[in-house]
2 protein chains.
Amino acid sequence: MNAALQHETLTRSVEDYLKAIYRLSPQGRAASTSEIAQRLELSPASVSGMVKRLSEQGLLEHVPYKGVQLTADGRRAALRMLRRHRLIEAYLVAFLGYTWDTVHEEAERLEHAVSDTMVERMAAVLGNPAVDPHGDPIPTSDGDIHETAGIPLSEVPAGARVEVRQVEESQPDRLRYIASLGLRPGVRFTVVDRQPFRGPITIEVAGRTHVVGSELGQVVRCAGDEDA
Amino acid sequence: MNAALQHETLTRSVEDYLKAIYRLSPQGRAASTSEIAQRLELSPASVSGMVKRLSEQGLLEHVPYKGVQLTADGRRAALRMLRRHRLIEAYLVAFLGYTWDTVHEEAERLEHAVSDTMVERMAAVLGNPAVDPHGDPIPTSDGDIHETAGIPLSEVPAGARVEVRQVEESQPDRLRYIASLGLRPGVRFTVVDRQPFRGPITIEVAGRTHVVGSELGQVVRCAGDEDA
DNA sequence: ACTCAGATTTAGGGTAGGCTAAATCTGGGA
DNA sequence: TCCCAGATTTAGCCTACCCTAAATCTGAGT
Ligand SMILES: [Mn+2]
Ligand SMILES: [Mn+2]
Ligand SMILES: [Mn+2]
Ligand SMILES: [Mn+2]
């Protein structure tokens with residue numbers, strides 16, 4: 001309920017903190033100060049300070065030296081930002097000639113500036129998409145989200161035929177490389193070979209064979225054919 | 001040249017100050033502290049402080065107790081913001097279902113968040129419009145502007161047939177009223193009668209007659225048929 | 001049970017940009 | 001020429017966030 005009041009008053013910093021903490025807390029795990037600091041490229045001391053303020057505002061639960069979790073209000077605000085971010089990305093790709101390697105940076109700023117009205121207008125002209133250009137699910141306007149974390153490419157058994165589900169959006173050059181392999185959400189391909197100890201992975205995409213390193217194995221997430 | 005460096009580093013506040021000062025300085029007149037304060041809804045003391053900082057940064061020329069003028073750098077930055085603001089307004093009306101009474105507020109925030117790239121993409125899909133939804137001229141990307149200040153409706157002689165040029169964008173309810181009269185940029189109408197001493201003005205728009213007060217007379221600006 | 005490296009918090013400091021109240025300037029009228 | 005109302009600036013304060021350096025906690029490994 002507090003959230004209704006804060007709704008309009010959260011600063012850009014606060015919004016980015018909440019979003020980062022959400023992404024660092026799969027199924028409500030606690031996020032650590034240093035994880036948050038690393039993701040937001042801030043000093044741990046700064047994060048400590050902000051965490052204290054956000055707890056006092058009721059957006060976080062903080063156990064000193066242990067970590068933070070979002071409260072219901074905090075989670076609501078985080079999902080609202082995630083919806084904005086991902087819809088903006090989808091809109092820019094669909095209507096303003098952006099590619100998946102360039103949208104993230106633009107959305108990172110715009111997400112704080114657009115009105116709820118504008119977000120919903122963009123959703124409408126897009127036909128209420130379920131995922132963004134990186135395959136990440138878009139929360140609904142009332143805060144539901146289908147977290148469909150595919151399995152990392154590095155864990156797909158050799159021989160399997162799978163579909164790209166989602167690709168980590170940070171690092172534009174990495175996204176360009178991935179696109180150059182023909183991989184993007186929805187594309188089906190085959191894992192031909194997988195070497196142990198984080199070794200290279202051989203894949204075949206649209207008839208062409210590529211060998212990629214373990215970093216890509218972490219960053220590209222896949223799904224079998226069962227669902228979807 | 002300083003501007004090139006600052007380009008990316010101007011804050012939202014600074015950008016709004018420069019824009020306000022530009023609009024308060026037709027043909028390089030000096031803008032006063034209190035005018036700026038009023039337009040930005042800030043205290044005169046706050047404006048004094050900011051004016052000092054902006055002068056030190058080379059964006060303003062300040063003669064204490066007299067007023068401020070934009071430097072070349074300041075003017076460049078102001079026109080860049082004006083281009084952004086007006087293109088965003090045009091884009092929102094054209095593609096996202098906004099009306100001229102709702103765009104200003106949205107643009108006031110977005111103008112600080114969009115990249116140059118996005119601004120130019122919007123301009124491109126719009127076909128590089130010359131004016132925004134309120135009839136205000138859009139500066140070019142290299143900072144040219146055709147200030148086409150029409151004459152206020154209150155100064156149009158009775159009997160004249162004129163065209164709406166531009167309408168003051170602040171105050172959404174006033175814009176809705178004006179729209180309800182059938183007036184918007186490009187619409188031709190006749191001034192039937194004009195009473196002295198800021199008296200009411202009778203106009204005929206598309207066959208319908210209306211009597212409006214002097215406030216509208218100031219806010220609606222017109223042009224004869226010669227140009228355009 | 002101790003220890004200490006690494007994580008975290010605290011202390012202290014900086015910038016940006018607001019505000020109110022007090023001091024100061026300026027120009028028009030007597 | 002003088003005076004004072006109104007405009008402007010200065011003084012002092014506040015909030016939000018960021019930083020580095022110092023203090024403090026915690027837990028894994030002996
Ligand atoms: Mn952001
Ligand atoms: Mn994304
Ligand atoms: Mn603005
Ligand atoms: Mn406008």
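Chain letters run A, B, ... following the sequence lines, proteins first and then strands; every chain starts at 1. Note that the structure is a prediction, hence the values are computed from the model and not measured.
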For atom [atom1] of [X] and atom [atom2] of [N], their distance in whole Å:
X: Leu54(B); N: dG17(C); atom1: CG; atom2: P; result: 8 Å
X: Glu15(A); N: dA16(D); atom1: CD; atom2: C1'; result: 14 Å
X: Lys52(A); N: dC18(D); atom1: NZ; atom2: C1'; result: 16 Å
X: Leu42(B); N: dT8(D); atom1: CG; atom2: P; result: 15 Å
X: Met50(A); N: dT15(D); atom1: CE; atom2: C1'; result: 12 Å
X: Glu35(A); N: dG6(C); atom1: CD; atom2: P; result: 18 Å
X: Glu41(A); N: dC17(D); atom1: CD; atom2: C1'; result: 16 Å
X: Tyr65(A); N: dA5(C); atom1: OH; atom2: P; result: 18 Å

Tell me whether the guanidinium CZ or amine NZ of Arg121(A) lies under 6.0 angstrom from the six-membered ring centre of Phe95(B) and within 45° of its axis.
no
Does OP1 or OP2 of [N] have a side-chain N or O of [X] closer than 4.0 Å?
X: Tyr17(A); N: dC18(D); answer: yes
X: Ser43(B); N: dG18(C); answer: no
X: Ser46(B); N: dC19(C); answer: yes
X: Lys66(A); N: dG27(D); answer: yes
X: Arg53(A); N: dC17(D); answer: yes
X: His62(A); N: dT9(C); answer: yes
X: Ser13(B); N: dA16(C); answer: no
X: Thr11(B); N: dG17(C); answer: yes

Sugar-phosphate, base or nothing in reach of Val14(A), heavy atoms under 4.0 Å
sugar-phosphate
Which part of the nucleic acid, if any, lies within reach of Ser34(B) when heavy atoms closer than 4.0 Å are counted: base, sugar-phosphate only, or nothing?
sugar-phosphate
Donor + acceptor pair across side chains of [X], [Y] (<3.5 Å):
X: Asp132(B); Y: His85(B); answer: no
X: His134(A); Y: Glu168(A); answer: no
X: Ser115(A); Y: Glu106(B); answer: yes

Under 4.0 Å between a side-chain nitrogen and a carboxylate oxygen: does that hold for Glu15(A) and Arg84(A)?
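Salt bridge between Glu15(A) and Arg84(A), a charged N being under 4.0 Å from a carboxylate O: no.
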